[in-house]
Amino acid sequence: MLNIVLFGPPGAGKGTQAAKLIEKYQLVHISTGDLFRMHIKEQTELGKRVKDLLDNGILVPDSVTIDMLEEEVQKNPDAKGIIFDGFPRTVPQAAALDAFLASKNSDIKAVLQLDVDEAELKRRIAERKKVSGRADDDEDKLVKRIDEYFNKTVHVLPYYQAQGKLTVVNGIGQIEEIFNNLCSAIDTE
Ligand code: ADP
């Protein structure tokens with residue numbers, strides 16, 4: 001299976017690039033942020049539990065996130081590969097994903113990090129807020145999300161670097177150009 005982790009801070013363009021990658025490589029897209037928002041919209045038990053966390057830009061506890069993720073992977077037994085978008089966001093999540101995939105005789109092929117500086121992230125999300133309607137796109141919540149990224153999520157990078165799976169791609173530039181760089185990284189794996 002061609003399993004890929006798309007990695008990067010809020011506003012790095014993971015959603016945009018994931019949409020292009022799934023089309024080209026015929027992959028299943030699993031975005032934990034999208035899944036949580038769907039649960040909130042449908043007012044499921046899980047949705048009620050995580051709503052305040054999402055609205056405030058705080059990470060959902062690992063156990064809750066990992067259970068939801070594994071369930072979603074199980075729903076796609078025939079997938080040629082999966083793009084993980086917004087997951088893993090902590091080292092325990094990364095370790096859980098490795099163990100889970102190993103139990104299916106599979107693994108992560110590549111981790112692609114979209115590199116975008118903080119000033120550009122803030123500019124992009126301020127722009128997105130005009131249309132997204134996302135409570136967590138408010139400026140104070142965004143600061144929290146960027147904080148969570150730099151305090152907790154960046155530690156996932158050395159984890160994958162140690163496995164020789166990490167490629168950093170410049171996330172600033174034309175969408176097509178960034179996409180081509182991501183594809184080259186995948187094709188050399
Ligand atoms: P973005 O990348 O724009 O910050 P996402 O849509 O990926 O946003 O995630 C939105 C929110 O969902 C996060 O701020 C967090 O509250 C929750 N979330 C998503 N993925 C995870 C995860 N892997 N672990 C914990 N919380 C998560």
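Ligands are counted one by one from 1 in listed order, and the atoms in each one are counted from 1 as well. Counting from 1, the numbers follow the sequence of the chain as shown. Only a predicted model underlies this, so the values are computations on that prediction, with no experimental measurement involved.
For atom 8 (O) of ligand 1, the nearest protein heavy atom (residue, atom name, distance) is Arg134 NH2, 3.3 Å. Closest to atom 2 (O) of ligand 1 among all protein heavy atoms lies Lys14 NZ, 3.1 Å. Arg37 NH1, 3.6 Å is the protein heavy atom nearest to atom 10 (C) of ligand 1. Looking only at protein heavy atoms, the nearest one to atom 9 (O) of ligand 1 is Arg89 NH2, 3.5 Å. Nearest protein neighbour of atom 26 (N) of ligand 1, counting heavy atoms only, is Val60 N, 3.0 Å. Scanning the protein for heavy atoms near atom 3 (O) of ligand 1, the closest one is Arg145 NH2, 2.9 Å. Scanning the protein heavy atoms around atom 27 (C) of ligand 1, the nearest turns out to be Phe36 CE1, 3.7 Å.
Judged by the 6.0 Å and 45° rule, Lys20 forms a cation-pi pair with Phe179.
For the pair Arg89 and Val60, the minimum side-chain heavy-atom distance is 4.5 Å or more. At least one side-chain heavy atom of Thr90 sits under 4.5 Å from a side-chain heavy atom of Leu59. Contact of the Ile66 side chain with the Phe87 side chain is registered, since non-hydrogen atoms from C-beta on lie closer than 4.5 Å.
If you number the atoms of ligand 1 from 1 as listed, the ones under 4.0 Å from a heavy atom of Thr65 come out as 22 (C), 23 (N), 24 (N), 25 (C). Residue Leu54 has at least one heavy-atom neighbour below 4.0 Å for each of these atoms of ligand 1: 11 (C), 12 (O), 16 (O), 17 (C). Every atom of ligand 1 with a heavy atom of Gln93 under 4.0 Å away is listed here by number and element: 22 (C), 23 (N), 24 (N), 25 (C). Atoms of ligand 1 found under 4.0 Å from any heavy atom of Thr32 (numbered from 1 in listed order, with element): 19 (C), 20 (N), 21 (C), 23 (N).
Look at Lys51 and you'll find every heavy atom at least 4.0 Å from all atoms of ligand 1.
Using modelled atom types, one finds a donor on one side chain and an acceptor on the other under 3.5 Å when comparing Asp98 with Gln163.
With respect to Tyr159, the side chain to side chain contact (heavy atoms under 4.5 Å, CB included) criterion is satisfied by exactly one of Val111, Val91, Leu166: Val91. Residue Ile108 is tested with Ile82, Ile4, Val5, Leu2 for a side chain to side chain contact (heavy atoms under 4.5 Å, CB included); the sole match is Val5.
Closest to atom 15 (C) of ligand 1 by heavy atom, among Leu53, Ile58, Thr90, Thr153, is Ile58.
Formation of a donor-acceptor pair under 3.5 Å by the Arg124 side chain with backbone atoms of Gly11 is found in this model.
Scanning all heavy atoms of the two residues, the minimum distance from Leu21 to Cys183 falls at CD2-SG, 4.1 Å.
Under 4.0 angstrom from ligand 1, there are no non-hydrogen atoms of Lys152.
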